[in-house]
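Take a look at the structure below.
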Amino acid sequence: MRNVKNMLVSGLIGIGIGMVWVAADLFLSLNGKDVVAMKMSVLYFLFWLVTSFVIGIFFYFASLIFNKDSWSLRKQIIINFFICLSAWLLFNLTINNFNFSWHLFGAVIVDFIIMYAIAYGIYFWHLWHDVREINKKLKQNTR
């Protein structure tokens, strides 16, 4: 049951990051137009809502690599990064009908690095916060 909860939380975090991403994309595409005139189709919104949720769940499954205790943290991060990058490139190629261009490739990699830094930055911040709380409780118990 805990894994289902964690998977749903990761999906919701994916939605949060994805919707911020879509909003930023929409604002950048305004080109000086009025914000009130900005429009988004319901189908586009629902596609990115579901896709963001699935990407969040994928990040959860990809993070299971961090349970491999025999590997160093550096090795876990590198392997996780390239697994996620491969999936992200495949996803972007799929939604672009497998039309490859170097511009698209560069943009996808930059987008992924930003997304990865946000997702795992939040994850490691949360982990750091949990460790701090545990240490605080341990100090209280030793007094």
Side-chain angles (χ1 to χ4, degrees), residues 1-140:
M1 190 63 161
R2 184 175 181 204
N3 287 337
V4 172
K5 179 187 170 201
N6 289 338
M7 198 167 43
L8 289 174
V9 167
S10 294
L12 293 174
I13 289 170
I15 287 175
I17 293 169
M19 291 302 102
V20 168
W21 200 266
V22 168
D25 186 44
L26 284 172
F27 282 121
L28 291 174
S29 67
L30 283 176
N31 296 327
K33 297 178 188 170
D34 187 19
V35 175
V36 178
M38 183 173 55
K39 293 182 183 178
M40 177 191 320
S41 74
V42 173
L43 188 60
Y44 180 82
F45 175 77
L46 290 176
F47 170 77
W48 282 109
L49 186 74
V50 171
T51 301
S52 298
F53 185 78
V54 170
I55 289 170
I57 290 174
F58 175 79
F59 267 85
Y60 167 75
F61 283 119
S63 73
L64 294 177
I65 202 161
F66 292 108
N67 293 338
K68 186 85 173 163
D69 292 331
S70 62
W71 290 355
S72 70
L73 182 60
R74 179 183 300 155
K75 182 176 181 178
Q76 291 171 339
I77 290 172
I78 290 170
I79 290 172
N80 178 271
F81 179 84
F82 284 108
I83 288 172
C84 293
L85 178 61
S86 300
W88 186 247
L89 285 170
L90 182 63
F91 169 73
N92 275 279
L93 282 172
T94 303
I95 63 172
N96 288 303
N97 295 322
F98 292 94
N99 291 327
F100 179 81
S101 73
W102 287 107
H103 176 72
L104 174 67
F105 184 74
V108 166
I109 288 178
V110 169
D111 287 350
F112 176 77
I113 290 171
I114 293 168
M115 182 178 65
Y116 191 87
I118 292 169
Y120 281 102
I122 291 169
Y123 170 74
F124 284 119
W125 176 82
H126 181 66
L127 191 63
W128 173 77
H129 180 70
D130 287 348
V131 168
R132 229 174 98 208
E133 288 297 316
I134 291 169
N135 285 337
K136 189 185 295 182
K137 289 179 183 179
L138 285 173
K139 285 181 184 178
Q140 288 175 353

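Note: Ile109 CD1 to Asp111 CG = 10.5 Å, rounded to the nearest 0.5 Å. Atom CD1 in Ile78 sits 12.0 Å away from atom CD1 in Ile83 (nearest 0.5 Å). Between Trp125 atom CH2 and Asp130 atom CG the span is 9.0 Å, to the nearest 0.5 Å. Residue Ile57 holds its CD1 atom at 8.5 Å from CG of Leu12, rounded to the nearest 0.5 Å. To the nearest 0.5 angstrom, Ile122 atom CD1 is 11.0 Å from Ser10 atom OG. The CD atom of Glu133 sits 9.5 Å away from the CG atom of Asn135 when rounded to the nearest 0.5 Å.
Between Trp71 and Ile79, the closest side-chain pair of non-hydrogen atoms falls below 4.5 Å. Two residues are said to be in side-chain contact when any heavy atoms from C-beta on lie closer than 4.5 Å; Asn92 and Phe105 fail this criterion. Annotation: side chain of Phe61 is not in contact with side chain of Asn3 (no heavy-atom distance under 4.5 Å). Side chains of Phe53 and Leu8 form a contact here, defined as non-hydrogen atoms less than 4.5 Å apart. Proximity of Tyr116 to Ile77: side-chain heavy atoms (C-beta onward) are separated by under 4.5 Å at one or more points.
Residues Ile65 and Gln76 approach most closely at O-NE2, 3.7 Å, considering heavy atoms. Here the closest heavy-atom approach between residue Ser52 and residue Ile15 is recorded as CB-CA, 3.7 Å. For the residue pair Val108 and Leu89, the shortest heavy atom distance occurs at CG1-CD2, 3.4 Å.
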So Leu73 and Phe66, side-chain contact (heavy atoms from CB on, under 4.5 Å) or not? Walk me through it. CA-CA 8 Å; Leu73 182 60; Phe66 292 108; 4.1 Å; yes

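The aromatic rings of Phe91 and Phe47 sit parallel, their planes meeting at an angle under 30°, below the 60° perpendicular limit.
No more than 12 heavy atoms of other residues, nucleotides or ligands lie within 6.0 Å of CG in Leu43, so this atom counts as exposed by the packing criterion.
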